[in-house]
Amino acid sequence: MTRRSILTLACTASLLFAACGSDEETAADTAAPADTIAPAEATTTAVGVAAVTITGAWARTSPASAANGAAYMVITSAADDRLLGASLDASIAETVEIHETVMSSETGMTDPTAMTPTTGAMSGNTMAPAMEMREVEAIELPAGEAVELQPGGYHVMIVGLVSPLVVGQELELTLTFDNAGEVVVTVPVRDDAP
């Protein structure tokens with residue numbers, strides 16, 4: 001082999017290695033600067049799960065002797081969903097349940113102000129219907145429909161209060177939905193509805 005052939009071969013090899021480069025050099029040379037790479041987006045719900053909007057949340061103050069409390073709010077889900085349960089920190093209450101206030105099939109105490117249906121006269125013998133709270137398995141949330149949790153209807157029952165609920169206190173209530181998963185809502189304690 002001539003000296004010229006060796007020199008041509010060496011130059012060709014040098015150009016080939018320079019053009020290809022090593023894997024490390026190629027990755028470093030072609031990578032974008034770190035400040036131009038978009039960070040991964042964080043999501044709070046799984047892909048395809050509809051959002052839940054909660055407004056007007058509040059909890060009623062409780063007398064010093066009360067063992068239980070209640071929280072209310074309006075829940076609107078973008079897709080059909082169900083409210084399955086709720087929880088609070090154990091330093092606030094023993095447990096939390098979803099309840100509905102319903103008319104009992106039994107009657108309660110005598111209502112001395114009731115009128116008889118035929119004469120309109122006052123009668124102390126008429127029994128007033130009794131209201132009772134019942135735990136429910138879930139609250140249905142039809143898509144786009146505002147479902148109100150309110151006194152005398154659906155509500156979040158706070159059972160076994162460690163101490164009374166007082167005005168100005170805020171509760172971090174975790175709501176559990178069938179599709180939307182867990183949603184934490186701040187619930188201010190008030191004397192009456194907002």
When you group the ILVMFWY residues by side-chain heavy-atom contacts below 4.5 Å and let the links chain together, are [Y] and [X] in the same group?
X      : Y      : answer
Val159 : Val156 : no
Leu161 : Trp58  : no
Val185 : Leu149 : yes
Val136 : Leu141 : yes
Met157 : Ile92  : no

Tell me whether Asp81 contacts the main-chain N or O of Val52 through its side chain, where contact means a donor paired with an acceptor under 3.5 Å. no
Reported [atom1]-to-[atom2] distance for the pair [X] and [Y], which is rounded to 0.5 angstrom:
X      : Y      : atom1 : atom2 : value
Met73  : Glu148 : CE    : CD    : 11.0 Å
Ser87  : Leu173 : OG    : CG    : 7.0 Å
Ile54  : Thr186 : CD1   : OG1   : 10.0 Å
Thr176 : Leu84  : OG1   : CG    : 7.0 Å
His99  : Ile139 : NE2   : CD1   : 10.5 Å

Provide the full list of salt bridge (charged side-chain N to carboxylate O under 4.0 Å, His left out) pairs with a residue in residues 86-101, sequence neighbours left out, each pair given once. none
Using every non-hydrogen atom in the two residues, find where [X] and [Y] come nearest and quote the distance to one decimal.
X      : Y      : value
Val167 : Arg190 : CG2-C, 4.4 Å
Arg82  : Ala138 : NH1-CB, 3.8 Å
Ala78  : Ala143 : O-CB, 3.6 Å
Pro164 : Ala64  : CG-CA, 3.7 Å
Ala86  : Leu175 : CB-CD2, 3.8 Å
Leu165 : Ala59  : CD1-CB, 4.5 Å

Start with the C-alpha distance between Val189 and Leu171, add both sets of side-chain angles, then the distance that settles side chain to side chain contact (heavy atoms under 4.5 Å, CB included), and finish with yes or no. CA-CA 8 Å; Val189 177; Leu171 310 175; 4.2 Å; yes
Do other residues, nucleotides or ligands put more than 12 heavy atoms under 6.0 Å from Glu137 CD? no
Tell me which pairs pass side-chain hydrogen bond (donor to acceptor under 3.5 Å, both in side chains) where either residue lies in residues 59-75, with sequence neighbours left out. Thr61-Asp191
